[in-house]
Amino acid sequence: MKRTKIKDALLQQKGEKILVKGWVRSFRSNRFIALNDGSCLSNLQIVIDENPDTFEKNAEILKNITTAASLSITGTLVESLGSGQAVELVAKFSDIEILGLANPDDVQKTILQPKRHSLELLREQAHLRFRTNLFSAIFRIRHNMAYAIHKYFNDKGFNYLHTPILTASDAEGAGEMFRASILDAKNPPLTEDGKVDFSQDFFGKETNLTVSGQLEAELGAMSLGQVYTFGPTFRAENSNTSRHLAEFWMIEPEVAFNNLTDNMDLSEDFLKYLIQYALDNCMEDLQFLLQREEAEEKQKPQNERNEMSLIDRMKFVLSNDFERLTYTEAIEILLNSNPYKKKQFKYPIAWGVDLASEHERYLVEKHFKKPVILINYPREIKAFYMRNNDDGKTVAAMDVLFPGIGEIIGGSQREERMDQLIGKMKDFHIEPQSLWWYLDTRRFGTAPHAGFGLGFERLLMFVTGMTNIRDVIPFPRTPKNAEF
RNA sequence: UCCUCUUUAGCUCAGUUGGUUAGAGCACCUGACUGUUAAUCAGGGGGUCCUAGGUUCAAGUCCUAGAAGGGGAGCCA
């Protein structure tokens, strides 16, 4: 018989004989097995239809139906007599095959033991946390969001571009990089002036893991028109926060002939599509996350609680236009704000200084109370490739700020004018020759274009309501942590 | 990297002014249990008090250094 997934079994006609396989979540009264196979959040209840006088004869199998064991069971689907579920599967001992044992003494030492665990402990056992309701829900949603991203871009005629993960360009300015090398770490070959001789390394030059696929994506966009990347990204920054990972996944669309307004429109439409997709396709898991969040919120003091629930926050973003304003306007608002007047901000506010997260949070969570797109930042505080505005002071940058998360998207219209671009590179102490291939796109039929980077895990934080980024990626890499 | 808090049983935590044999709930083990929903009831086992020094007659408790983790900040997505 072919295996039926529990997700489908729960919808199937009563009276049918089916085969299911999965892992035991709990076993009660020598009779009721809660079986989960990951196809959905819900368990299937197996009811063992035997008299107690058969127990002795089947002691071996009875003993081995323990939390976390894997089973294969054939049985008949019937209407449930209990109140917790609509249907259940009735089976005899002879219908149950133990596929994999789980010793209760050992299970007890893991998060598989059927009780509530802290997120910190679950993180330490990331290899087992998939087996929990919470993390199976999160990673089903993660899959659905990844799929929705590809679907969105495919439906809009974008091309998925695989930009390199190993890269020799060191001028992107997006952060500290991880070196990729096969040289002997203890005794690397040295040049005459005592530096590491990377000419003897695998690529014949110093290479690193990518911090962004943007520059290469621009090259693709200059022919394919619209491209996007979706891949791992590596930052060797010593960031110890709930919003940063050393290895994370980033989506970077890049569109020829788009200006900053087009770019804002794309980012807003894209985010709304993804949130709508989650509501349309992940409701069972979202309901579970909602209930979990509500239980958590009850533990907190009133003033720290969310004003809106998870699903309400998602619907709220869908039904409101993102607030679009310039950096200069944002500074004005902040200078006129109550917290500024009462000297409640820790960091200074002045034109030319980057906004601190307390300022961004004020704008998003207090002033506008919805997602905000900030544009036209001072040129000195943004990357070299962002297009100079005509005022001579600002660049066509945009940051999309979300409540509770901060910057979820960073992007810009790119500088397409060769002279301006070279001028900017010099200002930022980047040797133009090192990016000769990038500059070539401006030599041969240059065109206005724009793009942005979306942090995949930050999106997932918003969609799942998880407040630590380490809980929305299977195996988080952070300073001092690369287990599994 | 900075600020701050935490580290005691498998887990979550209590542990008084430094003082006898370090406790609870859950989990686990043994037994009971055919309509349970993280089942329930009875009994039982289980400790490198984060690590290394130090003070003291005596340290889970006080001091110094370090490690790991949480929260916040910087950097950013």
Side-chain angles (χ1 to χ4, degrees), chain A residues 24-34 42-55 62-63 66-67 78 80-85 88 90 102-125 132-133 173-176 211-214 232-252 267 304 346-347 354-358 360-361 381-383 399-402 405-411 452-462 467-471 473 478-481 483:
Chain A
V24 176
R25 285 291 179 78
S26 69
F27 184 38
R28 292 180 291 269
S29 280
N30 273 352
R31 187 159 190 186
F32 302 100
I33 305 169
S42 300
N43 301 323
L44 178 64
Q45 171 152 288
I46 315 297
V47 183
I48 300 177
D49 182 28
E50 296 272 6
N51 289 314
D53 51 26
T54 65
F55 284 9
L62 206 52
K63 198 183 86 193
T66 58
T67 299
V78 301
S80 179
L81 297 175
S83 57
Q85 55 284 314
E88 59 195 15
V90 176
N103 182 321
D105 267 326
D106 297 334
V107 165
Q108 191 222 170
K109 290 175 182 157
T110 73
I111 55 150
L112 297 172
Q113 63 168 269
K115 64 179 296 250
R116 228 188 118 70
H117 304 286
S118 66
L119 292 172
E120 291 80 14
L121 186 72
L122 288 159
R123 235 170 265 153
E124 285 169 25
Q125 298 181 33
T132 63
N133 284 336
E176 295 293 314
V211 292
S212 163
Q214 181 204 312
T233 309
F234 307 89
R235 305 268 168 97
E237 242 110 48
N238 191 11
S239 297
N240 293 291
T241 81
S242 54
R243 304 183 307 283
H244 289 88
L245 292 165
E247 177 183 286
F248 64 99
W249 288 67
M250 186 156 64
I251 300 102
E252 296 176 289
S267 69
E304 287 175 27
K346 214 174 134 198
Y347 288 86
D354 209 355
L355 301 179
S357 57
E358 60 179 355
E360 294 178 350
R361 271 211 313 277
I381 60 173
K382 287 290 180 184
D399 281 1
V400 181
L401 308 176
F402 257 45
I405 291 157
E407 187 179 344
I408 196 167
I409 278 179
F452 60 80
L454 167 69
F456 186 47
E457 284 77 16
R458 289 191 181 171
L459 170 75
L460 287 172
M461 289 171 79
F462 183 76
T467 53
N468 192 315
I469 200 166
R470 295 162 204 201
D471 296 328
I473 188 167
T478 52
K480 303 267 159 63
N481 186 359
E483 195 64 56

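In what follows, chains are A, B, ... by sequence order, proteins preceding strands, each numbered from 1.
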Heavy-atom donor-acceptor pair, A/Glu88 side-chain to B/G35 base, under 3.5 Å: yes
Dot-bracket encoding of pairs in RNA chain B, which uses [ ] for pseudoknotted crossings and | for another strand, Watson-Crick or G-U under 3.5 angstrom: (((((((..((((.....[...)))).(((((.......))))).....(((((..]....))))))))))))....
A/Glu483 backbone acceptor or donor facing A/Asn481 side chain under 3.5 Å: yes
Are any protein N/O atoms closer than 3.5 Å to N/O atoms in nucleotides 1-9 of chain B? If there are, list each pair with its distance.
{"residue": "B/U1", "atom": "OP1", "partner": "A/Asn238", "partner atom": "ND2", "Å": "2.6"}
{"residue": "B/U1", "atom": "O4", "partner": "A/Asn238", "partner atom": "O", "Å": "3.4"}
{"residue": "B/U1", "atom": "O4", "partner": "A/Asn240", "partner atom": "N", "Å": "3.4"}
{"residue": "B/U1", "atom": "O4", "partner": "A/Asn240", "partner atom": "ND2", "Å": "2.9"}

Below 4.0 Å: OP1/OP2 of B/A73 and any side-chain N or O of A/Arg243: yes
Base-contact (B) and sugar-phosphate-only (S) positions in nucleotides 40-47 of chain B, heavy-atom cut-off under 4.0 Å, - elsewhere: --------
Polar side-chain contact A/His244-B/C76 base: donor and acceptor under 3.5 Å: yes
Atom-to-atom span, NE2 of A/His117 to P of B/C26 - whole angstrom: 15 Å
Per A/Leu121 side chain, nearest of listed nucleotides B/C29, B/C11, B/U36: B/C11
Under-3.5 Å donor-acceptor pair between A/Gln113 side chain and B/G10 base: yes
Smallest separation among heavy atoms of A/Lys382 and A/Asp399, with atom names: NZ-OD2, 3.2 Å
Backbone of A/Glu88 reached by a side-chain donor or acceptor of A/Ser80 within 3.5 Å: no
Touch class at under 4.0 angstrom, heavy-atom based, for A/Phe456 against every strand present: nothing
A/Lys115 NZ to B/G25 C1', straight-line distance once rounded to whole Å: 9 Å
N/O donor-acceptor pair under 3.5 Å between A/Arg235 side chain and A/Val211 backbone: yes
Side-chain donor/acceptor of A/His244 to backbone N/O of A/Ser239, under 3.5 Å: no
Candidate nucleotides B/C75, B/A73, B/G10, ranked by approach to the side chain of A/Glu237 - the nearest: B/C75
